[in-house]
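Taking it in order: structure first as structure tokens, then the write-up.
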Amino acid sequence: MAEYEIPEDYLAGYAQILAEASATGRRLTREELTSRRTLGEQAAETGLGLRTLVSEHLAAARTAWPHSPTSTDSVLAAMQQAIDAFAEGYERAQRLAVRQEEAARREFIDDLLYGRSDLGRLAERAERFGLRLSHAHAVAVAQGPTAYDEGDTVPRQVEQSLIARFGDRSTLLTTKGGRMLCIAPGDQEEVLLHFAKQAYAATDGGRVAIGRPQPGPGGVVQSYEEALNTLDLADRMELDDPVLRAADLLVYPVLARDRQAMADLVHSALGPLTAARGGPQPLLDTLTTYFSSGCIAAEAARRLSLSVRALTYRLERIHALTGANPADPDHRYMLQTAVIGARLLDWPSKGSLQNDLPVARWRWK
């Protein structure tokens with residue numbers, strides 16, 4: 001910080017206190033201590049640096065040092081009291097400012113992610129936190145084994161890594177609902193990917209979802225909801241990827257958009273599996289693994305810990321019950337779509353598709 005003289009108002013009465021301490025050896029009165037704290041608070045509010053302020057107090061003490069035969073111990077004790085009270089007031093004002101800043105930041109983040117503030121006013125407030133909401137933004141959401149708050153070690157570690165790599169870059173890192181969030185300009189995917197990498201490492205194998213870039217002041221909340229929906233979808237579909245992009249999973253909300261049609265498809269294509277010995281779940285798991293293995297029987301059998309012959313028997317049983325052959329390309333798409341629908345609708349654990357359709361927990365913009 002460049003050196004400059006502070007206003008004399010912040011030293012008001014200081015020389016007189018030292019003179020009286022030298023003459024009488026007294027300590028500062030309660031009123032004098034209060035006045036020193038008040039001056040410290042005022043100095044902090046104007047943005048003056050504490051180091052400069054303390055230096056000026058010491059310089060003023062040298063200039064106004066009382067010429068008295070009494071011991072200098074009284075003067076030094078008065079200096080200590082005065083400067084300590086001044087610094088106490090300064091630090092108290094700073095703590096209050098930090099709390100107010102944190103409250104304002106949290107209020108802004110809540111309004112931003114819930115979209116409950118006037119968009120024009122929200123855009124103005126966003127500039128204070130380094131965001132320009134007139135541009136497109138994307139949101140990455142990281143979920144770990146535990147809930148996180150902004151002051152926790154893991155979010156600070158991720159933020160420090162991001163700042164060390166990219167600097168400011170008009171990004172905002174925060175937490176919401178126990179998850180870590182990174183809000184970045186829509187054209188800076190590398191920032192979100194680095195956040196995802198660091199969050200995955202810091203959470204010891206957590207999962208990160210990245211929403212699509214969305215334009216305008218309401219774009220952040222749209223991208224945030226997409227990321228949350230993607231995490232929810234990953235749980236339902238048992239997706240293993242640590243980093244998931246909403247743009248890569250658009251087929252799922254498209255399929256789920258007409259829930260009645262999807263329920264009809266699942267009921268028609270997979271309903272006959274309920275007649276199998278042991279219920280439909282083993283055969284449904286067989287179809288899921290078979291399709292995820294690229295319809296390679298040997299790989300599917302390995303994943304299911306079955307022999308190829310046992311897997312082939314299951315596929316034949318599915319063919320016999322449903323009339324659709326999983327190995328036939330003409331039947332495969334219908335069966336695979338029905339399997340996806342079953343997982344989206346949580347069938348068969350939810351029971352009848354006709355009478356008890358579960359309500360979707362996601363909304364797609």
Side-chain angles (χ1 to χ4, degrees), residues 101-144 147-150 152 155 158-159 162 166 168-196 198-199 203 206-236 239 243-254 256-257 344 359-365:
E101 179 69 16
E102 290 175 347
R105 186 174 188 270
R106 176 50 55 186
E107 181 181 4
F108 164 73
I109 290 170
D110 289 343
D111 290 344
L112 179 67
L113 297 180
Y114 287 131
R116 48 185 192 196
S117 177
D118 175 76
L119 293 182
R121 174 63 180 147
L122 191 65
E124 293 178 5
R125 293 163 63 196
E127 294 185 4
R128 175 182 174 186
F129 300 97
L131 299 180
R132 299 180 63 183
L133 296 186
S134 58
H135 298 171
H137 284 82
V139 180
V141 179
Q143 181 175 278
Y148 302 104
D149 290 324
E150 279 197 52
D152 292 347
V158 174
E159 182 176 23
L162 206 66
F166 298 105
D168 186 353
R169 282 288 190 98
S170 299
T171 61
L172 179 63
L173 274 78
T174 185
T175 60
K176 188 67 178 174
R179 304 180 181 95
M180 292 181 288
L181 278 66
C182 178
I183 304 170
D187 60 353
Q188 296 185 14
E189 185 181 20
E190 67 276 11
V191 174
L192 297 176
L193 290 177
H194 186 74
F195 166 80
Q198 297 301 316
T203 58
R207 177 177 283 163
V208 183
I210 302 176
R212 291 177 296 167
Q214 302 288 354
V220 171
V221 66
Q222 293 180 29
S223 185
Y224 171 62
E225 288 183 351
E226 276 196 351
L228 288 182
N229 296 334
T230 300
L231 288 174
D232 180 75
L233 182 63
D235 290 337
R236 284 177 169 267
L239 303 177
V243 180
L244 301 162
R245 292 182 176 87
D248 297 336
L249 302 175
L250 289 177
V251 64
Y252 295 109
V254 169
R257 191 160 292 156
L344 289 172
V359 178
R361 291 186 292 168
W362 55 84
R363 294 189 296 117
W364 295 85
K365 301 293 182 179

If I take atom [atom1] from residue [X] and atom [atom2] from residue [Y], how far apart are they, to the nearest 0.5 angstrom?
X: L228; Y: L233; atom1: CG; atom2: CG; result: 12.5 Å
X: N229; Y: R236; atom1: CG; atom2: CZ; result: 11.0 Å
X: T175; Y: L181; atom1: OG1; atom2: CG; result: 8.0 Å
X: L239; Y: D248; atom1: CG; atom2: CG; result: 11.0 Å
X: L250; Y: E226; atom1: CG; atom2: CD; result: 7.0 Å
X: E225; Y: Q214; atom1: CD; atom2: CD; result: 10.0 Å

Please give me the minimum heavy-atom distance between [X] and [Y], naming the atom from each residue.
X: V191; Y: L162; result: O-CD1, 3.7 Å
X: S170; Y: P185; result: O-CD, 3.5 Å
X: L122; Y: L133; result: O-CD1, 4.0 Å
X: G211; Y: A246; result: CA-CB, 4.1 Å
X: V141; Y: Y224; result: CG2-CD1, 3.9 Å
X: P155; Y: E150; result: CB-O, 4.0 Å

Quiz item: Between the side chain of D152 and the main-chain N/O of D149, is any donor-acceptor distance below 3.5 Å?
Solution: yes
Problem - S223 side-chain N/O to R212 backbone N/O, donor-acceptor pair under 3.5 Å - result: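 Yes, S223 side chain to R212 backbone: donor-acceptor pair under 3.5 Å.
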**Study point:** Derivation of the side chain to side chain contact (heavy atoms under 4.5 Å, CB included) call for L173 and F195
**Key:** CA-CA 9 Å; L173 274 78; F195 166 80; 4.3 Å; yes
Measure the shortest side-chain to side-chain distance between Q198 and M180 over non-hydrogen atoms and say whether it is less than 4.5 angstrom. no
Original post:
Do L112 and V221 come close enough that some side-chain heavy atom pair is under 4.5 Å?
Top reply: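 A side-chain contact under 4.5 Å is absent here.
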- Query: Do Q143 and R207 get their side chains close enough for a donor-acceptor pair, meaning under 3.5 Å?
  - Reply: no
Next item on the list: Compute whether any side-chain donor of one residue and acceptor of the other, for T174 and R106, lie under 3.5 angstrom apart.
Entry: yes
Going through the checks in order, is the side chain to side chain contact (heavy atoms under 4.5 Å, CB included) test met by L192 and V139? CA-CA 8 Å; L192 297 176; V139 180; over 6 Å; no
Point to revise | Q188 and F166: CA distance, side-chain angles, deciding distance, side chain to side chain contact (heavy atoms under 4.5 Å, CB included) verdict | key: CA-CA 10 Å; Q188 296 185 14; F166 298 105; over 6 Å; no
From CA spacing to verdict: side chain to side chain contact (heavy atoms under 4.5 Å, CB included), L172, I109: CA-CA 10 Å; L172 179 63; I109 290 170; 4.2 Å; yes
